[in-house]
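The structure under discussion is supplied below as structure tokens; questions concerning it will follow.
If you read the sequence from its start, that first residue is 1, and numbering goes on from there. Counting starts at 1 for both ligands and their atoms, in listed order.
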Amino acid sequence: MIIAIDGPAASGKGTIARQIAAVYGLHHLDTGLLYRAVAKAVLDAGHSPDDAQRATEAAVMLDPSKFEDNALKLQVITEAASVVAAIPQVRQALINYQREFATKPPGAVLDGRDIGTVIAPGADVKLFVVASPEVRAARRVRELRARGEVVEEADVLADLLRRDERDSRRTSAPLKAAPDAHLLDTTHLGIDAAFRAAVDIIEAVRAGRKRR
Ligand code: DC
């Protein structure tokens, strides 16, 4: 079983994806980490994230077994990841790894922006997770402060909106719901309620398949 979970930053898709993978016994890939790792490699080497050649080289050389999650979640990497993610050759270099991951037995949950549209268009279940920008910014502030970063809510909201815009407007695999994705709005849902809503959708889709 392949489950594709897409949506904008801090919509809750990562938490839902992790929990769904644990409950159904599936592999989980946070595909945002791939773009973050490319961004970090480019910045560490002293280049600009919009340098397409350097970013593509970093994407080709990427070794996902060596990721350090904490360093990849820093705000400076977040911004640069959205820039490298708009480069078509970078996306192209990361496709095979994601598609191979998706077909690992017994199945996988992948979360990102283009899983249901580009990486796994044949996924068994597709969720598109959204929440209001204000609620997403408040969640991100809590997360960043828990990590020890000093941030202002207004700045985080502005960053988030800028990133949404860049991720949705780019020509290569923009953030958008697949036509057959199920919308899940977590604006008024806590973590448990969002997880239960996701399970309800998955179970309804599976039940519908069995009946056919
Ligand atoms: O999900 P995230 O915030 O960790 O993602 C970081 C950036 O990577 C985000 O700005 C958009 C990009 N991204 C993407 O373009 N496609 C994906 N499948 C996942 C992330």
ask   = Ser82 and Arg163: side-chain donor and acceptor closer than 3.5 Å?
value =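 Absent: no donor and acceptor within the cut-off.
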
query = So does Lys176 pair up with Asp6, basic N to acidic O under 4.0 Å?
reply = no

key: Carboxylate-amine/guanidinium contact Asp124 Arg206, below 4.0 Å   = no

ask   = Will you find, in the side chains of Arg139 and Thr186, an N or O donor that is under 3.5 Å from an N or O acceptor?
value = yes

Neighbouring residues of ligand 1, heavy-atom cut-off under 4.0 Å =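 Its neighbours under 4.0 Å (heavy atoms only) are Lys13, Thr31, Gly32, Tyr35, Arg36, Ala81, Ser82, Ala85, Arg91, Gly112, Arg113, Asp114, Arg163, Asp167, Arg170, given by chain and number.
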
Ala81 backbone acceptor or donor facing Arg36 side chain under 3.5 Å = no

query = How many angstroms lie between atom CZ of Arg140 and atom CZ of Arg145, to the nearest 0.5 angstrom?
reply = 13.5 Å

